[in-house]
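Comments concern the structure below.
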Amino acid sequence: MNRVRVIGDRLPPVLRRLIQYGLTAGVAAVVDVGGFALLLPAGVPLVPAATISFLLANVVNYRLTASFVFGTAPSLRRYPKFLGAAAAGLVVNVGVTALAAGMLGLAPVAAKVVGVGVAFFANFALNALIVFPSTGPEEPSGAKGRTAPR
């Protein structure tokens with residue numbers, strides 16, 4: 001584990017945060033799909049199940065992103081910004097998917113992959129710049145000590 005930390009410490013801060021963000025997004029995706037898969041057999045209709053699992057995954061993603069990626073304590077005051085960034089990411093995801101399928105002629109699944117990729121970077125940017133603004137170019141918010149919730 002020490003070797004991983006040393007390698008991580010040598011990466012540029014923005015790249016380190018981007019990798020960490022990818023890991024938290026992966027965990028959230030598992031929560032989303034897993035929650036959805038559990039809710040359907042329990043008799044929850046498709047749209048409510050998808051909504052509930054998305055929101056549960058969003059809460060998990062927020063807590064992990066705040067602490068693991070940006071080094072700050074999650075707060076109820078900051079969560080609406082995070083949820084807003086997720087909604088903006090959804091708009092980007094759907095919009096890019098539709099454009100890639102309609103204008104570029106990509107197959108729907110390929111277009112969705114492009115949409116997810118673009119939305120990932122858009123969400124990371126929104127979180128880094130608006131939800132968890134950095135305290136400086138060399139460290140994530142709260143890296144030298146936990147910051148007070150915003």
Side-chain angles (χ1 to χ4, degrees), residues 1 4-5 7-8 11-135 139-143 146-150:
M1 197 63 150
V4 172
R5 182 178 270 305
I7 292 169
L11 293 173
V14 71
L15 181 57
R16 183 175 59 246
R17 281 179 269 181
L18 190 60
I19 292 167
Q20 291 169 322
Y21 189 73
L23 293 172
T24 64
V27 170
V30 169
V31 170
D32 192 353
V33 174
F36 182 72
L38 291 172
L39 289 168
L40 287 177
V44 178
L46 185 116
V47 171
T51 303
I52 292 166
S53 67
F54 170 82
L55 292 172
L56 178 60
N58 186 262
V59 170
V60 169
N61 195 14
Y62 173 63
R63 293 186 59 83
L64 291 174
T65 298
S67 58
F68 180 62
V69 179
F70 293 101
T72 190
S75 73
L76 289 177
R77 288 184 60 212
R78 189 181 293 123
Y79 180 70
K81 286 184 189 179
F82 188 84
L83 187 57
L90 175 63
V91 170
V92 169
N93 187 330
V94 172
V96 169
T97 300
L99 288 172
M103 294 180 70
L104 299 178
L106 293 180
V109 173
K112 179 64 173 172
V113 170
V114 173
V116 167
V118 172
F120 172 83
F121 289 104
N123 272 109
F124 177 76
L126 287 171
N127 281 299
L129 298 172
I130 296 169
V131 181
F132 305 100
S134 180
T135 58
E139 61 182 309
S141 178
R146 297 284 177 186
T147 59
R150 294 181 188 176

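The shown structure was predicted, so the numbers you read here are calculated from the model rather than taken from an experiment.
How far OH of Y79 is from CG of N58: 3.5 Å, rounded to the nearest 0.5 Å. Atom OG1 of residue T65 and atom CG of residue L23 lie 10.5 Å apart, to the nearest 0.5 angstrom. Between atom CG of residue L38 and atom CD1 of residue I52 there is a gap of 12.0 Å, rounded to the nearest 0.5 Å. With rounding to the nearest 0.5 angstrom, the CD atom of Q20 is 10.0 Å from the CG atom of L15.
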ask   = Is there a side-chain contact (heavy atoms from CB on, under 4.5 Å) between L83 and Y62 once you walk through the steps?
value = CA-CA 8 Å; L83 187 57; Y62 173 63; over 6 Å; no

ask   = Between F124 and V14, is a side-chain contact (heavy atoms from CB on, under 4.5 Å) present by the stated rule, with each step listed?
value = CA-CA 10 Å; F124 177 76; V14 71; 4.0 Å; yes

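Nearest heavy-atom pair, P80 versus L76, reported as atom, atom and distance to 0.1 Å: CD-O, 3.1 Å. Here the closest heavy-atom approach between residue F54 and residue A86 is recorded as CZ-CB, 4.3 Å. S53 approaches G35 most closely through the heavy-atom pair CB-C, 3.9 Å.
Between the R78 side chain and the V131 main chain, a donor and an acceptor come within less than 3.5 Å of each other. Not a single donor-acceptor pair under 3.5 Å links the side chain of N127 to the backbone N or O of F132. Looking only at distances, no side-chain donor or acceptor of N61 sits under 3.5 Å from a matching main-chain atom of A57.
Ring-centre distance between F120 and Y21: below the 6.0 Å cut-off.
Among L46, V44, L56, the single residue meeting the side-chain contact (heavy atoms from CB on, under 4.5 Å) criterion with L39 is V44.
Side chains of L55 and T51 form a contact here, defined as non-hydrogen atoms less than 4.5 Å apart.
Legend: residues meeting side-chain contact (heavy atoms from CB on, under 4.5 Å) with T97, ordered by chain and number and at least two apart, are N93, A111, K112.
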